[in-house]
Structure formats: C-alpha cells, structure tokens
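Protein chains get the first letters and strands the later ones, always in sequence-line order, with residue 1 at the start of each.
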Amino acid sequence: MMKHTIKRIVLDAAQKAFENGALVSEQIPEMEIEEPRHQAHGDFSTNFAMVSAAVQKMAPRKIAEILVSLIETGSLIEKVEIAGPGFINFFLSNKAWYPVIDQIFEQDKRYGASDIGKNEKVQVEFVSANPTGPLHVGHGRGAAVGDSVGNILCFAGFDVQKEYYINDSGRQIRTLGTSVWVRLLQKSGKEVEFPEDCYKGDYIIDLASEIHEKEGDKFIQKDEDEAIAYCAKFAAKKILKGIKEDLSDFGITFDQWFSEQSLYDAGRVQKAIDDFKTKDLIYKEDGALWFRAQDFGDEKNRVVVRNNGLTTYFASDIAYHMEKYERGFDRVIDVWGADHHGYIKRIDASVVASGRKSEQFEVILVQLVNLLRGGKPFQMSKRAGDFVTLKNIVDEVGKDAARFMFLSRSYDSGLDFDLELAKQKNSDNPVYYVQYVHARITGILLKAKQENIIQDIDFNKGKNIHLLNAVEEINLIKILNAFKENVEKSAQTLHPHVIFTYLMSLASAFHSYYNKHKVITDDQEQTLARLSLVLGVKKVIRNALTLLGVTAPERM
RNA sequence: GCGCCUGUAGCUCAGCUGGAUAGAGCAACGGACUUCUAAUCCGUAGGUCGCAGGUUCGAAUCCUGCCAGGCGUACCA
C-alpha cells in the first residue's frame with residue numbers, strides 16, 4: 001500500500017509539470033514503482049523518467065529533475081534522489097512506516113489478506129490419486145502445493161473450493177480387485193501365480209488377509225467375476241479411507257470428494273459425448289469414437305470410446321471438466337504430477353470445445369520428488385511395490401517439516417527430499433528456523449507478562465510505536481509491510497514458495513534483530529514499543545505459516 | 001523426432017511480467033552463550049547466471065538456435 005502512495009505522488013508531480021509546461025506530453029507510459037535491491041537506492045524507486053523519455057522528447061535525467069523539484073519532502077518522504085540513468089529514488093522517513101504496526105493489530109489474522117481475487121469462483125483440484133494404493137511422496141508434494149495454493153488464493157480474495165477427484169471407475173479398479181483376489185486365493189492355500197500387471201505392494205496382501213479373516217475361504221468357490229468385484233469394492237473403500245486419513249494427518253481437508261463413477265451414474269459421460277457429437281467434434285474410425293482435439297491445438301485426435309465399446313479415462317475427464325464449469329467455477333486449476341504433462345493440451349482442447357476460454361483452465365505441473373536418505377537415492381517403484389508412502393514420511397519427519405520442505409522451492413523444479421535432513425532438528429532444517437521465531441517471541445512475551453509489563457501475551461493495540469527508531473526495527477517493519485505484496489504475487493503466479501521465501505527473509509531479519517537488541521530493558525516505554533513490534537512479527541509469521549499449512553508453535 | 005520442465009557460488013536453490021554492485025541456506029574458514037531459547041547471530045571467502053546470436057538506453061530475466069539433464073509421447077489410468 002506504500003507503493004500506491006508513491007505512485008500517486010509521482011503521477012501528481014507529472015500532472016503538475018504538464019500543467020505548468022515543463023513537460024510537453026500528458027501521456028504516462030507504463031511505469032514501475034519498485035523496491036530497489038540496495039539500500040543506497042532508497043525505499044522505493046521509479047523508472048518513470050526513463051520510460052517517458054521518448055514521449056517527452058527529453059533526456060531521462062532532465063525529466064527526473066523536473067519531477068523531483070515538484071515533489072514535496074517532509075513528513076513522509078525524507079528525501080528524493082536522482083540516480084543512474086534516471087531513476088527517481090524515494091527515501092521514506094521512519095514515521096511513514098509506523099502505521100504498518102497498527103494495521104497488523106487491527107487486522108490480526110486477516111493482515112496480509114487481499115481483495116485482488118474479487119470473489120472469483122476458483123476450484124483447485126489436487127492429489128486425486130487412484131484408490132488403488134496408498135499415497136506416496138509425489139502425492140505429498142502435490143497435496144502440499146494444492147492445499148497452499150488454495151489457502152493463498154482464498155487469502156487473496158478468491159472464492160476457493162478444494163476438491164479431490166476419485167477415479168473409482170475403470171480398469172484400474174478391476175485390476176485392484178484381481179490383485180486382492182489372487183492374494184486371497186494364495187491365502188487359502190491355492191497355488192496361483194501373481195499376474196504381472198497386478199499391484200504388488202504388501203498392502204494388497206494385508207487387504208486380502210482382512211477379507212480372509214472376515215469371510216474365510218468362501219471366495220474360492222464363488223464365481224470369479226463376483227469375487228473380484230467384491231474384492232475391488234472392499235479394497236477401494238478401504239484404501240480411500242486410508243488416503244483420507246493420511247491427508248488428514250498431513251493437515252489437508254477437501255471441500256468435496258468427487259466420484260468418477262457418479263459421472264457415469266448420472267449419465268454425464270454419455271451426455272458429454274453426445275454434446276460433442278452434435279457439434280460435429282466426434283467421428284468414427286477403426287471402430288472407435290475420436291474427439292477432434294487437433295482442431296483445438298492438440299497434436300492428435302483422441303479416442304473417447306474404444307472399439308470394444310468402453311469409454312476412455314479421457315471421456316470421463318471431459319465430462320468432469322464440463323461439470324466443473326457448470327457448477328459455476330470461473331477458473332479451474334488442476335494440480336498434476338509432471339509425468340502427466342502430455343495430458344494438458346487434450347483437456348484444454350476439450351474445455352475450449354465445450355465453449356470455455358482456454359484461460360479458464362490452468363494446470364499446476366508439479367515436478368517429481370527425488371527421495372534421498374542421507375544423500376543416497378531411494379528407489380520408488382510402484383510396480384515393485386516398495387515405494388515410500390506419504391504416511392511413512394509424515395510419521396518419520398513430521399507434518400510441518402514435510403510440508404515446509406515440499407514448498408521450499410518452485411514446483412517447476414525437481415525436488416530432492418532427504419529424509420535424514422528433514423528429520424534433523426537444527427538449522428539445516430528451515431522449518432525450525434522459522435518456527436523458532438514464533439517460539440522465541442512467545443518466550444519474550446511470557447517473560448514480559450511475568451514481569452507485569454503487559455497483562456497478556458496477546459494484546460490488540462501497539463504501544464509507543466514512535467520509539468522504534470533502530471535501523472533493524474525499521475527494516476523489520478518494512479518486511480512486515482511487504483507481506484501483502486507477497487501474498488498477491490504468490491496468488492497471481494500460483495507459486496506458494498513465494499511465501500516460503502518471504503518467511504525465510506522475515507525470520508532472518510528477526511533473528512538478527514534479536515541478537516542485537518534486547519526487547520525487555522529497564523526502559524519501560526521502549527520495552528512496550530519493542531513488545532509491540534515483536535508481537536507484530538509473531539502475528540505475521542503465524543499468518544504466513546498458516547497459508548503453507550504449517551503450525552506456529554508457542555514453544556519448542 | 002516432437003512436447004513439457006530444468007541448467008545461477010563446491011552442494012541445494014531464490015531472483016525470471018527487463019533495471020542500477022546477481023542473493024540465501026548448507027559446506028569451508030574466523031568470531032559471539034553469566035543475557036528475552038546459541039534450534040541463533042556477526043564476519044571472511046566463494047560467480048564467464050549452460051553456450052552463441054538477437055531485441056533494448058539497459059538482459060540471469062524477453063526472442064532464436066545449439067548443448068546437457070529429467071519427464072512424457074496408448075483404443076492405460
């Protein structure tokens with residue numbers, strides 16, 4: 001919001017300059033107010049003079065001089081300088097920053113929230129793993145990203161719904177049933193070879209044991225199809241329950257669990273195909289029905305109904321995405337693993353074909369997780385069945401460390417996740433660095449309460465803010481002020497690691513301040529000012545951690 | 001072959017809707033605990049931003065072409 005004020009000042013000065021004839025054109029080209037990297041360049045800087053050079057037919061530095069002469073310095077702006085090729089640098093007075101603290105106290109849990117979303121209805125769909133096995137590390141990263149993106153969009157003023165799509169229909173469920181059934185037969189003492197294309201994990205054997213305990217050997221006599229159907233239903237239900245528990249332990253809840261089967265039951269898949277047929281977007285070839293995806297930018301046309309009469313996964317996905325927009329979402333965001341990237345264009349094609357804009361469909365492609373233990377790679381092969389589950393990870397390193405690690409860098413890059421490192425309770429592990437700030441501040445506030453300096457460790461109004469004059473204090477306030485911009489940037493780019501980076505810089509500034517200045521001193525008035533500042537820091541740390549789904553502990 | 005992602009300090013990565021001297025953590029080296037939690041801080045050292053062109057007053061950032069790595073390229077899900 002500070003940026004806004006500066007922009008206003010620049011625009012006013014430009015207008016004045018035009019009115020008194022110093023500038024020849026009233027045109028204002030696209031200009032930036034930015035925060036310079038170096039302190040020597042002030043708190044804010046604008047490239048106005050440079051971008052205006054062409055329009056004004058004047059040297060940038062000359063334009064800068066005209067503007068600077070019209071900008072009043074005084075209470076808020078300490079000084080204005082011209083630098084380099086024509087940057088105008090603004091140096092703010094300490095006083096200009098104090099309102100930030102008041103805002104934190106006033107807005108508390110809403111501090112940093114934005115309204116850029118304008119209540120737009122957005123759906124974020126993530127994880128959506130097949131209920132054929134437990135969630136693994138890759139799902140964990142997708143879950144952390146999807147959940148945080150949802151939180152951040154919500155905080156930025158979007159109307160967000162989080163959804164999990166359950167692929168409870170189709171061949172993989174039948175394969176699951178077969179897998180369990182074969183294990184069940186083996187359990188009953190039958191010599192049956194385990195099929196190559198079945199799920200090999202130990203959890204299949206566990207499921208078979210459960211059925212065996214409940215039902216005994218009764219399935220050996222039963223009709224194969226009937227038995228497999230029973231096993232499939234039993235296993236899928238059980239596995240889905242496990243998935244829900246694992247996600248819940250990971251701090252994730254969904255607004256809706258959407259069943260693929262329900263699309264078939266409601267006739268929506270057929271309806272989608274019929275709809276495309278009437279638009280002449282479907283044709284028959286080699287006994288199969290094809291969607292003209294190529295007409296909408298895909299590399300080739302895609303099958304929706306196979307020559308055996310069965311619909312493809314793509315067919316139900318078309319119906320599913322149509323359904324999303326019919327539910328009223330303006331924007332649909334899917335979080336997928338990078339190995340599905342070839343699928344984007346085809347869904348996009350179907351979305352456009354059904355009358356929506358391409359911009360209304362976005363995919364967050366999360367690159368793969370490379371699991372390590374003490375620097376050595378871990379094998380994760382679903383085929384062999386010896387993969388590391390999300391539950392393993394959460395049990396071993398904890399929810400907070402896992403989530404923070406998953407969000408520590410952009411999902412555009414592959415992630416090395418070292419279990420040994422995530423487990424360490426020291427500075428190698430960034431989650432402690434940040435949580436420690438929250439705990440440390442709580443410690444200070446508790447001490448202040450004990451000494452009767454404050455009534456309660458949480459209070460709702462800053463005191464003696466004007467006494468905050470140390471460089472480190474002003475610096476901290478500046479970072480606190482930047483929280484909202486970071487939320488907005490994170491929401492606009494759909495990148496939660498922006499919040500991670502922000503947290504690290506705030507934590508660093510706080511630890512630095514803590515080591516240099518004592519909060520509680522003999523100077524009562526100053527102590528109150530500093531307590532207000534650190535409580536402000538505490539609130540912002542909490543707000544930011546909440547967006548990432550990480551807890552803010554009172555003590556560690 | 002084609003498509004998506006990546007290539008920045010010894011390692012892991014920020015910075016990428018163009019801005020002024022490219023940042024952080026780890027590792028290395030040297031310091032700071034009688035103090036509100038040393039799970040911390042301060043300092044030193046470390047870089048042809050994969051390579052080559054182009055656009056621009058200005059390029060790690062945008063465009064083109066190479067090179068390297070990961071992933072994908074089904075009438076599977």
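- Distances shown here put a side-chain N or O of A:H38 below 4.0 Å from the OP1 or OP2 atom of B:G23.
- Where stacking is scored as ring centres under 5.5 Å apart with planes under 30°, A:F87 does not register as stacked on the base of B:G19.
- A:L503 places its CG atom 14 Å from the C1' atom of B:A24, with the value rounded to the nearest Å.
- Residue A:D317 is out of contact with every strand shown, counting any heavy-atom pair closer than 4.0 Å.
- Contact annotation for A:I520: base contact, defined as any heavy-atom pair under 4.0 Å involving a base atom.
- Distance CH2 (A:W336) to P (B:U73): 13 Å, rounded to an integer number of Å.
- As rounded to the nearest Å, B:G18 and B:G58 have P atoms that lie 16 Å from one another.
- The separation of B:U34 from B:G15, taken at their C1' atoms, amounts to 43 Å, rounded to a whole angstrom.
- When rounded to the nearest whole Å, the span between NZ of A:K516 and C1' of B:A38 equals 19 Å.
- Contacts of A:L365 with the nucleic acid, taken as non-hydrogen atoms under 4.0 Å apart, involve only primed sugar atoms and P, OP1 or OP2.
- Counting heavy-atom neighbours within 6.0 Å of A:Q27 CD, excluding the residue itself, gives a total of 12 or less.
- Within 4.0 Å (heavy atoms only), A:N308 reaches no atom of the nucleic acid at all.
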Which parts of nucleotides 13-18 of chain B does protein reach within less than 4.0 Å, heavy atoms only, written one letter per nucleotide 5' to 3' as B for base, S for sugar-phosphate only and - for none? SSSS--
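- Only the P atoms considered, B:A20 is 26 Å distant from B:C26, to the nearest whole Å.
- For the pair A:F417 CZ and B:G70 C1', the computed distance is 20 Å after rounding to whole Å.
- When rounded to the nearest whole Å, the span between OH of A:Y343 and C1' of B:A74 equals 11 Å.
- If you check every strand for non-hydrogen atoms under 4.0 Å, A:K518 touches a base.
- Residue-level contact check: A:M504 touches neither bases nor backbone, having no heavy atom under 4.0 Å from any strand.
- Listed nucleotides B:C75, B:A74, B:G70 differ in distance to A:K300; the shortest reach to its side chain belongs to B:A74.
- The residue A:F314 sits apart from the nucleic acid: no heavy atom pair falls under 4.0 Å.
- The closest donor-acceptor contact from the side chain of A:T551 to the backbone of A:P553 lies at 3.5 Å or more, if one exists at all.
- A donor atom on one side chain and an acceptor atom on the other are found under 3.5 Å apart for A:Y283 and A:N301.
- Between A:H495 and A:H497, the two ring planes are perpendicular [angle over 60°; tilted spans 30° to 60°].
- When atom types are taken as modelled, the side chain of A:N47 and the backbone of A:M50 share no donor-acceptor pair closer than 3.5 angstrom.
- Within the nucleic acid shown, A:D339 comes within 4.0 Å of sugar-phosphate atoms alone, with no base atom in reach, counting heavy atoms only.
- As judged by a 4.0 angstrom heavy-atom cut-off over every strand, A:A439 is placed among the base-contacting residues.
- A:F500 comes within 4.0 angstrom of nothing in the nucleic acid, heavy atoms only.
- A sub-4.0 Å separation between OP1 or OP2 of B:C41 and a side-chain N or O of A:Y433 is present.
- Using cut-offs of 30° and 60° for the angle between ring planes, the A:F314 and A:F291 rings count as tilted.
- Consecutive pairing runs in RNA chain B reach the stem threshold at B:1-7 with B:67-73, B:10-13 with B:23-26, B:28-32 with B:40-44, B:50-54 with B:62-66, where a stem means at least three Watson-Crick or G-U wobble pairs with distances under 3.5 Å.
- If you measure from atom NE2 of A:H495 to atom C1' of B:U6, you get 12 Å, rounded to the nearest angstrom.
- Taking 3.5 Å as the limit, the base of B:A20 and the side chain of A:S45 contain a donor-acceptor pair of atoms between them.
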Step-by-step salt bridge (charged side-chain N to carboxylate O under 4.0 Å, His left out) determination, A:K7 to A:E32: CA-CA 8 Å; A:K7 188 165 187 177; A:E32 298 267 339; over 6 Å; no
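- Distance A:R555 CZ to B:C36 P: 16 Å, rounded to the nearest Å.
- Closest-nucleotide positions on RNA chain B for A:W290 and A:R440 were compared, and the one nearer the 5' end corresponds to A:R440.
- Between A:H38 and A:H41, the two ring planes are perpendicular [angle over 60°; tilted spans 30° to 60°].
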